[in-house]
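Notes to accompany the following structure.
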Amino acid sequence: MQVSLQGKNILITGGVRGIGRAMTEAAAKAGGHVIATYLSNEATAKDVIGGLQSQGLNVHACKLDVRDSKQVDEAVAALESEYGPIEVLINNAGIVKDGLLMAMEDDDWNDVLNTNLGGAFHVTRAVARQMIRARRGQIINISSVAASRPGRGQVNYAASKGGIEAATKALAVELSSRNIRVNCIAPGVITTEMSQDVREAAGDKILESILLKRFGNPEDIANMAVFLASDLASYITGEVIHIDGGLKL
Ligand code: NDP
């Protein structure tokens, strides 16, 4: 059995660092053409994309702020006119700004909701226009274990990730008649920059709660993303798949 994304254009937001980077590499190795977006890390984007291209992989980078719906619409239109229709969208870009409720500023709330939830809405709407016309597409959203098992100080992040899980189900209902599947992956604690502080501060305690007694690797998430994007998952839609080594239990 082979997982193939041969010939598919795949847009991965935040696709040059952390989990996104692993998904970019895995999707390209499965034969897809990946457009990986970044926000501010231009140097990293050049290095990562250049490195993958030198392995013969079909990848490109694109600067994009998912919070800006006009910029998103223009970028998606430009990408589609350059590369053709986008068949797979992975809404991965995300941020954390943890803090206890009484210390949480409006900006901490707005930035996290506007990026994690608003960003996914903007990019999904822009990409779905063409998917609906083509009657074909796969959308994969990245949530978090925090949606179902939040830590202290995560009201903004947990709300954004609970929102993306609910939106996944609503979109699956709305788009299934157009042959568009929408699914969600909810990672546990994965070894990226985003989780570095929490792993350093409370790593041993968290590991006690993880049944498999290790943190996840970005590749653990990337493998599922490639599977969900492929035809092997053609009967799966509206699902939230937890990849957390058993942390949720
Ligand atoms: P990283 O911090 O390593 O990467 C985040 C990515 O999002 C970066 O590529 C960043 O771009 C991009 N990004 C941030 N803001 C924007 C924006 N406004 N517009 C476009 N891109 C943006 O995070 P992870 O790889 O760890 O996380 C990826 C996803 O997985 C996130 O949605 C996160 O919430 C989720 N997740 C992560 C977990 C973990 O333990 N690591 C656990 C559960 C869920 P740039 O590089 O240019 O800054």
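For ligands, and for the atoms within them, numbers begin at 1 and follow the listed sequence.
- Within the 4.5 Å cutoff, the side chain of S195 has no heavy atoms near those of the I190 side chain.
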(request) Check the pair K169, C184 against side-chain contact (heavy atoms from CB on, under 4.5 Å), reporting the backbone distance first and the verdict last. (result) CA-CA 9 Å; K169 293 171 191 171; C184 188; over 6 Å; no
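- L39 CD2, 3.7 Å is the protein heavy atom nearest to atom 16 (C) of ligand 1.
- Other residues, nucleotides and ligands contribute over 12 non-hydrogen atoms within 6.0 Å of the CD atom of Q53.
- Taking every non-hydrogen atom of S195 and a distance limit under 4.0 Å, the qualifying atoms of ligand 1 come out as 40 (O).
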(request) Could you go through the side chain to side chain donor-acceptor pair (under 3.5 Å) check for T13 and N91 one step at a time? (result) CA-CA 6 Å; T13 65; N91 283 308; 4.5 Å; no
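- When only non-hydrogen protein atoms are considered, atom 46 (O) of ligand 1 lies nearest to R17 NE, 2.6 Å.
- Given atom 12 (C) of ligand 1, the protein heavy atom at minimum distance is G14 CA, 3.8 Å.
- Residues T191 and P218 are in side-chain contact: their nearest non-hydrogen atoms beyond the backbone lie under 4.5 Å apart.
- Between G32 and I10, the shortest heavy-atom distance links the atoms CA-CD1, 3.9 Å.
- Closest to atom 32 (O) of ligand 1, if we only count protein heavy atoms, is N92 O, 2.7 Å.
- For the pair K8/D231, a side-chain contact is recorded, criterion being any heavy-atom separation below 4.5 Å from C-beta on.
- Within the 4.0 Å heavy-atom criterion, the part of T192 lying near ligand 1 is the side chain and not the backbone.
- Note on ligand 1: V189 sits in its first shell, one or more heavy atoms being nearer than 4.0 Å.
- Considering L247, V145, L207 as possible partners of V189, the one that fulfils the side-chain contact (heavy atoms from CB on, under 4.5 Å) test is L247.
- Backbone and side-chain nitrogen or oxygen atoms of I190 are examined, and one is located within less than 3.5 angstrom of a nitrogen or oxygen of ligand 1.
- In this structure, G119 falls outside the shell of residues with a heavy atom less than 4.0 angstrom from ligand 1.
- By the criterion of a heavy-atom distance under 4.0 Å, the side chain of I95, and not its backbone, is placed next to ligand 1.
- Electrostatic pairing of R199 and D204 does not count as a salt bridge here, judged by no charged N lying under 4.0 Å from a carboxylate O.
- Atom 30 (O) of ligand 1 has as its closest protein heavy atom I142 CG2, 3.4 Å.
- Judged by the shortest distance from any of its heavy atoms, E42 lies outside the 4.0 Å radius around the atoms of ligand 1.
- Taking 4.5 Å as the limit, some side-chain heavy atom of R17 sits within range of a side-chain heavy atom of E193.
- Nearest protein heavy-atom neighbour of atom 22 (C) of ligand 1: A93 CB, 3.6 Å.
- Looking at R21 against ligand 1, nothing comes within 4.0 Å, counting heavy atoms.
- When only non-hydrogen protein atoms are considered, atom 38 (C) of ligand 1 lies nearest to G188 O, 3.9 Å.
- Between V66 and ligand 1, an N or O atom pair is found at a separation short of 3.5 Å.
- Only side-chain heavy atoms of T115 come within less than 4.0 Å of ligand 1; its backbone N, CA, C and O stay farther off.
- The distance from ligand 1 to the heavy atoms of I19 drops below 4.0 Å at these ligand atoms: 25 (O), 30 (O), 37 (C).
- Within the 4.0 Å heavy-atom cutoff, S143 counts among the residues contacting ligand 1.
- Sparse packing is recorded around CD of Q2, with 12 or fewer heavy atoms of other residues, nucleotides or ligands lying under 6.0 Å away.
- Across T115, D108, D111, N156, a single residue satisfies side chain to side chain donor-acceptor pair (under 3.5 Å) together with K97, and that is D111.
- Within the 4.0 Å heavy-atom cutoff, Y157 counts among the residues contacting ligand 1.
- With a 6.0 Å radius and a threshold of 12 heavy atoms from other residues, nucleotides or ligands, K213 has its NZ atom above the threshold.
- In terms of polar-atom proximity, defined here as any N/O pair under 3.5 Å, D65 does make such a contact with ligand 1.
- Contact analysis leaves T13 out of contact with ligand 1, as no non-hydrogen atom separation drops below 4.0 angstrom.
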